[in-house]
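Note sheet for the following structure.
We count residues from 1, following the sequence as given.
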Amino acid sequence: MLMSLALESKTSPTTPAGPGAAPGMAPGAAPVHVVLDITGMTCAACAGRVENALKRVPGVASATVNLALERADVDATQGITAAQLAAAVERTGFGAHPRPPSAAERRREEDLREAERVAAERRQLLLLVFSAALTLPLVLPMVAAPFGWHLHLDPWIELMLATPVQVLVGARFYVAAWKAVRAFSGNMDLLVALGTTAAYAFSLYMVLDRGAAASGHLYFEGAAAVITLVVFGKWLEARAKRGTTAAIRALMTLRPERAHVLRDGAEIDIGVDDLRPGEHVVVRPGERIPVDGTIVDGESEADESLITGESVPVVKRQGDKVTAGALNGAGRLIVSAVAVGEDTTLARIIRMVENAQSGKAPVQRLVDQVSAVFVPTVIVIAILAFAGWLVTGHDVEAALVAAVSVLVIACPCALGLATPAALVAGTGAAAKAGILVKDIEALERAAVVDTVVFDKTGTLTEGRPALTDVVPIADSGLDRDALLRLAAAVQAGSEHPLAKAVMAAVPGLTLPPVEKFKALVGRGVIGTVEGRSIAIGNRDLMTELAIDIGPAAAALGKIEGEARTAVVVAADGRAVGVLGIADPVRREAAEAVALLAARGIASQMLTGDSQAVAAKVAGDLKLAAFRAGVKPADKSAALDALKADGKRAAMVGDGINDAPALAAAEVGIALGTGTDVAVEAAPVTLMRPDPRLVPAALDIARRTVRKIRQNLFWAFVYNVIGIPLAAAGFLTPALAGAAMAMSSVSVVTNSLWLKRWRPEFSPPARPD
């Protein structure tokens with residue numbers, strides 16, 4: 001996919017470059033990140049030329065070129081402009097294009113380019129049909145010979161058929177080859193141009209010199225077949241590459257270009273780039289939500305499948321948060337905008353996926369080193385093969401066939417596509433499932449994880465305490481409802497999570513007012529309700545108030561024995577009941593642990609909660625190990641200890657206190673519903689709070705890295721085996737061309753299997 005060109009500040013302009021500043025970065029200069037569209041690349045050698053040209057620009061610290069995405073990422077000093085970098089690319093014979101400033105314009109540009117790519121494919125298909133129609137009569141005698149059919153074309157007819165293929169269809173190779181020569185470099189097009197020209201020129205000389213007697217000594221069919229097969233391979237490759245980038249294109253279409261906003265009491269239509277935080281946006285039934293915000297009026301369902309991977313529409317009511325890009329259901333909503341434009345969750349997702357897909361795996365450095373010397377080396381091998389055949393007594397014809405076959409079979413397309421094609425397909429499939437990977441290094445680390453460490457609260461549990469027990473004491477004179485009414489009346493004045501759990505259990509109930517309310521930190525609350533002095537709290541509070549909890553001992557013991565939090569309710573100095581509160585374990589947590597175990601990955605838990613609560617959760621989920629009472633500052637130390645034991649551990653969390661551990665782990669995995677700090681600290685983000693996405697993330701990482709290794713293995717093996725066979729005369733130019741074209745197609749097609757990947761679990765039940 002053609003990405004765009006943009007300047008994005010990574011640090012403030014006043015941030016000095018420290019000791020860790022990138023090489024080439026001037027002291028005190030603020031680095032910027034530049035993304036360029038590159039057009040005209042055909043192989044790994046082309047990508048290497050563009051990368052080297054960018055690195056030679058003064059002030060550029062690093063440059064990475066992705067062949068599959070046709071994109072360059074550059075880190076440079078503040079003074080470098082997009083125009084300078086684009087000019088450096090254009091001097092090498094390739095194109096570079098600027099990125100529009102607004103997201104809506106970028107989407108329109110991408111739509112236009114996609115249409116242009118489709119039109120170009122159509123033109124290329126017509127050219128392919130034309131080339132194949134002229135080539136087929138040339139190769140037919142060669143195909144028929146093994147069956148005993150001896151067909152021969154007149155040499156002059158062969159010349160007339162081959163010339164349009166060589167001159168018209170092959171023009172693209174000559175143009176690109178000339179640009180490479182001018183830049184003192186080499187690429188696939190140069191190899192194709194040299195090989196086919198040598199075969200065509202030799203055959204032309206034979207026809208002009210011998211006329212009809214040249215029959216049987218011509219290689220027009222080889223030159224024409226190579227060009228036709230290369231064009232065919234590039235057409236298939238282009239179609240496949242479009243498939244690998246479908247995830248980004250799908251995400252870009254989620255953001256609407258227009259929005260309905262309430263201003264001065266009137267509903268008006270404006271561009272989404274003109275929206276401001278705090279404004280009220282009207283979302284009509286069937287429209288996509290244009291902002292991240294909170295519903296202030298209305299009720300509906302939102303389809304967030306392309307953002308979070310959640311297949312079931314989610315009910316949204318007043319006070320609920322909504323995400324830009326989600327599809328509104330049958331209700332009309334008024335949303336107060338919190339984040340707009342490039343600050344929305346959708347914009348962040350697109351940036352994360354783009355950054356991950358444009359990265360370069362460490363193994364790719366070997367490919368880059370090989371590609372830099374590949375074309376010159378192949379030309380030398382072809383010359384040596386030609387000379388070797390002549391020296392050993394063979395004629396020019398045999399020597400030429402060997403040399404041309406070497407040039408044709410050695411095109412480094414497959415090497416250049418092996419890593420980026422798999423990376424783009426894998427991260428795209430992950431994004432569709434609600435898994436965002438920030439960079440390729442995180443993907444490679446995730447592929448070797450053998451231990452997953454979960455935070456408890458908000459990760460394995462809901463993170464929202466719920467009331468589980470309401471137990472009135474027998475002689476208190478209160479039934480369950482009366483006890484709950486008293487407790488809720490006092491808790492109405494508290495913001496404590498336990499108080500919220502009590503209040504959630506009495507929705508819509510009219511409560512009596514509370515007087516003389518006081519919250520006692522770490523112990524509970526007190527207040528007066530309907531003339532009665534009420535105290536709700538733990539054992540310490542009851543002791544402090546000299547309240548006998550003997551009558552409540554049985555209920556306290558039962559609740560605490562089941563690893564729930566128990567609080568005593570006292571009225572006028574007497575214990576009258578006990579409340580049990582727990583943070584429910586997520587329904588998906590047990591399946592997540594089981595899926596990890598099935599993959600040979602151990603699951604552990606770190607929590608600041610009590611030993612009893614931690615032991616209950618660990619037992620229910622069948623965790624391999626757990627540690628309770630762990631302070632936030634000690635979580636990263638626990639990860640370091642696992643690393644010292646030789647474990648490759650991933651940390652999964654959602655809170656601010658998890659950020660240090662997420663950064664210290666082999667790979668950090670943050671729940672996207674958690675805090676921004678946790679999300680920023682983790683290289684992998686799950687867009688919904690489903691622990692089953694953890695084994696899914698590790699699974700797609702393993703599969704993607706496996707595809708990369710498969711692609712590189714076969715790309716290297718293809719050249720290691722193919723070049724000697726060609727030099728030894730076992731391959732004709734036509735067969736070499738077919739093998740070369742199919743190698744690139746096979747690499748991209750192998751990568752496309754990743755698009756079929758889905759998490760290995762059933763979707764959750766539709767919520768009530």
Side-chain angles (χ1 to χ4, degrees), residues 6 8 99-112 250-308 310 312-351 464 492-493 495 500 503-504 506-511 513 672-676 679 687-688 767-768:
E8 301 171 3
R99 182 183 192 182
S102 74
E105 288 177 327
R106 289 198 298 274
R107 175 182 163 183
R108 285 193 292 270
E109 182 187 73
E110 179 57 30
D111 289 342
L112 177 62
L251 287 170
M252 291 181 72
T253 61
L254 296 183
R255 189 170 183 259
E257 296 186 11
R258 308 289 296 177
H260 320 297
V261 63
L262 296 176
R263 289 182 180 173
D264 300 323
E267 182 179 323
I268 60 173
D269 282 3
I270 63 172
V272 291
D273 292 319
D274 297 324
L275 285 170
R276 298 188 297 268
E279 289 193 301
H280 284 188
V281 178
V282 177
V283 186
R284 297 168 182 167
E287 292 184 337
R288 291 206 177 272
I289 299 170
V291 297
D292 288 357
T294 304
I295 297 174
V296 295
D297 187 46
E299 180 176 332
S300 186
E301 288 186 331
D303 181 355
E304 301 174 335
S305 57
L306 282 176
I307 304 167
T308 66
E310 174 62 76
V312 179
V314 181
V315 175
K316 298 290 184 180
R317 301 183 177 90
Q318 184 175 345
D320 288 343
K321 295 180 180 179
V322 291
T323 305
L327 183 64
N328 185 28
R332 179 179 183 270
L333 301 175
I334 298 178
V335 177
S336 177
V338 175
V340 300
E342 295 301 301
D343 296 326
T344 63
T345 299
L346 178 60
R348 291 169 61 193
I349 291 172
I350 293 174
R351 285 198 298 272
R464 296 186 299 272
E495 291 298 319
K500 292 181 179 179
M503 296 306 299
V506 290
L509 182 66
T510 301
L511 301 174
T673 50
T675 65
D676 286 344
V679 172
M687 291 309 296
R688 63 182 190 274
D768 296 331

With a 3.5 Å cut-off and sequence neighbours excluded, list the donor-acceptor pairs that the side chains of residues 328-336 form with protein atoms.
residue: Asn328; atom: OD1; partner: Ser300; partner atom: OG; Å: 2.7
residue: Asn328; atom: ND2; partner: Val283; partner atom: O; Å: 3.4
residue: Asn328; atom: ND2; partner: Arg284; partner atom: O; Å: 3.1
residue: Asn328; atom: ND2; partner: Gly331; partner atom: O; Å: 2.6
residue: Arg332; atom: NH2; partner: Glu267; partner atom: OE1; Å: 3.4

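In this structure, the side chains of Val282 and Leu262 come closer than 4.5 Å at one or more pairs of heavy atoms. In this structure the side chain of Val340 never reaches within 4.5 angstrom of the side chain of Val272, judged on heavy atoms. Under the 4.5 Å side-chain criterion, counting only non-hydrogen atoms from C-beta, Ile268 is in contact with Val261.
Arg258 places a side-chain N or O within donor-acceptor distance of the main-chain N or O of Asp269, the cut-off being under 3.5 Å. Of the possible donor and acceptor atoms, one in the side chain of Arg288 sits under 3.5 Å from a partner among the backbone N and O of Gly325.
Once rounded to the nearest 0.5 Å, the distance linking CD of Glu299 with NZ of Lys316 reads 12.0 Å. Within the model, atoms CD1 of Ile295 and NZ of Lys321 stand 12.5 Å from one another, a figure rounded to the nearest 0.5 Å.
Of all non-hydrogen atoms in Val338 and Pro277, the two that sit nearest each other are O-CB, 3.9 Å. Residue Ile289 comes nearest to Thr323 through the heavy atom pair CB-O, 3.8 Å, listed as atom of the first residue, atom of the second, then distance. Closest approach of Leu275 and Ala259 over heavy atoms only: CD1-CB, 3.8 Å. Pairing each heavy atom of Pro290 with each of Val281, the nearest pair is CG-CG1, 3.7 Å.
The salt bridge (Lys or Arg N to Asp or Glu O under 4.0 Å) search around Arg276 returns Glu279, not counting sequence neighbours.
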